[in-house]
Amino acid sequence: MDKLRLLSQINLLDELPEEELKKVDEVTQTAPIKKGTIILSPTQQMRSLFFLKKGQVRLFKVSSSGKEFTVDLLSEGNVFGETSNFSLTESDIYAETMVDSFVCTLTKERFEELLRQNPDISLKLITILTSKLKEMYQITESIAYKDVKYRILLLFMQLSNRFGVRSGEWQTVGVKITQHDIASMIGSSRETVSLFLGELEKEQVITRKPLKINTVLAKELYEVEEG
DNA sequence: GCATTAAAGGACT
DNA sequence: AGTCCTTTAATGC
C-alpha cells in the first residue's frame, strides 16, 4: 500500500506540496482496521487525530436508554475528530468502522503544528467545519419541524453532495448505509425509514442498488412540504 | 404522523 | 447456520 499516495487523498492535505506530505508521512502510522471495530469511545479516548485513508467510519453517541444517534459519516479522505476530538472538550463520542478501513493517526500536537505551518490547511479545515455545521443546523431544524420523509430526503441530499457522484438529475448517495444508520441520523426508527424508502422508490425520487437520489424531484418534494 | 412491537422473509459470511 | 438487514401489519400515543 502506497502510504504517500493515500496521504495525498486526504482532502485536508491535498493542497500540500510533496515535501510537506513527506514530513506528515514520517510522523504518522497507518493501520488496517476491520469492519465493526470501535476505534474511539468515551472510555478509550485517544489524544490523536485520525485520517481515514480508506473505508468508512460512523461517529455516534449513545443515549442513556442505549439508543444510538449518528452524528456523522466519514469517507475516504476525511479527518476526525474534525468534529469531535479536535474541539478541546472531551466528548462522549464513538467512532466505528462501517467497512474494512485504513486509518492513520497523528498526534494532536503534530496536527496543530501542521496547521501553524500551513495556513491553507487551516482555512480548508474551517471550510469543512463550516459546511458540516450548516448540515447539522439543517438536520436539527428538520427533526424539530419536518416529517420523516423530508428528513430522509434532506439527509440523502447532504450525503450525496459530500460523497456522491452526479450524472444528470441523478446523484449517488455515495456511502454504504443501512436503514438503521439512516434512522439514527434523523431521529427516526428503522421500520419507519423502511416504509418511506419504499414510498420514495415508488415515487421514483430514489433508486436502490445503487442508492441514488433524483435531486430535481427531491427539491420539488421539499417545496411541497415546506408550504 | 410516527414509535413500538411482533413476526417473518431476505441477504450476507 | 447463524447473524444482520428489511418488510409488513397491528396497535396505541
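Naming convention: chains lettered A, B, ... in sequence-line order (proteins, then strands); numbering from 1 in each chain. Model, not experiment: these values are computed from the prediction.
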Residues in side-chain hydrogen bond (donor to acceptor under 3.5 Å, both in side chains) with Thr107(A), at least two apart?
-> none
Do Glu96(A) and Phe60(A) have side-chain heavy atoms sitting under 4.5 Å apart?
->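 Yes, their side chains come closer than 4.5 Å.
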Gap separating the CG atom of Leu154(A) from the CD1 atom of Ile139(A), nearest 0.5 angstrom |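 Reported to 0.5 Å precision, the distance equals 4.5 Å.
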Ignoring hydrogens and geometry, is there a side-chain-to-backbone donor-acceptor pair from Thr130(A) to Ile126(A) under 3.5 Å?
-> yes
Is the backbone of Gly36(A) close enough, under 3.5 Å, to the side chain of Thr97(A) for a donor and an acceptor to pair up by distance?
->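 Side chain of Thr97(A) to backbone of Gly36(A), a donor-acceptor pair under 3.5 Å: yes, one is there.
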Nearest heavy-atom neighbours spanning Phe80(A) and Ile39(A) | CZ-CD1, 3.7 Å
Quickly work out the [X] [atom1] to [N] [atom2] distance and round it to whole Å.
X         : N      : atom1 : atom2 : value
Asp181(A) : dC4(C) : CG    : P     : 14 Å
Lys35(A)  : dT3(C) : NZ    : C1'   : 11 Å
Ile143(A) : dC2(B) : CD1   : P     : 13 Å
Lys149(A) : dC2(B) : NZ    : P     : 10 Å
Lys202(A) : dT8(C) : NZ    : C1'   : 11 Å
His180(A) : dC4(C) : NE2   : C1'   : 11 Å

In the single-linkage hydrophobic clustering (I, L, V, M, F, W, Y; side-chain heavy atoms under 4.5 Å), do Ile213(A) and Leu221(A) co-cluster?
-> yes
Under 6.0 Å from the CZ atom of Phe69(A), do we count more than 12 heavy atoms belonging to anything else shown?
-> yes
Involving DNA chain B, stems made of at least three consecutive Watson-Crick or G-U pairs, both distances under 3.5 Å = B:1-13 with C:1-13
Is any side-chain N or O of Gln179(A) closer than 4.0 Å to OP1 or OP2 of dT7(C)?
-> yes
Would one find a side-chain N or O of Lys176(A) under 4.0 angstrom from OP1 or OP2 of dC5(C)?
-> no
What nucleic acid atoms does Lys209(A) come within less than 4.0 Å of, heavy atoms only: base, sugar-phosphate, or nothing?
-> nothing
Residues from residues 185-199 of chain A sitting under 4.0 Å of DNA chain B, heavy atoms only?
-> Gly187(A), Ser188(A), Ser189(A), Glu191(A), Thr192(A), Phe196(A)
Between the side chains of Thr70(A) and Arg58(A), is a donor N or O closer than 3.5 angstrom to an acceptor N or O?
-> yes
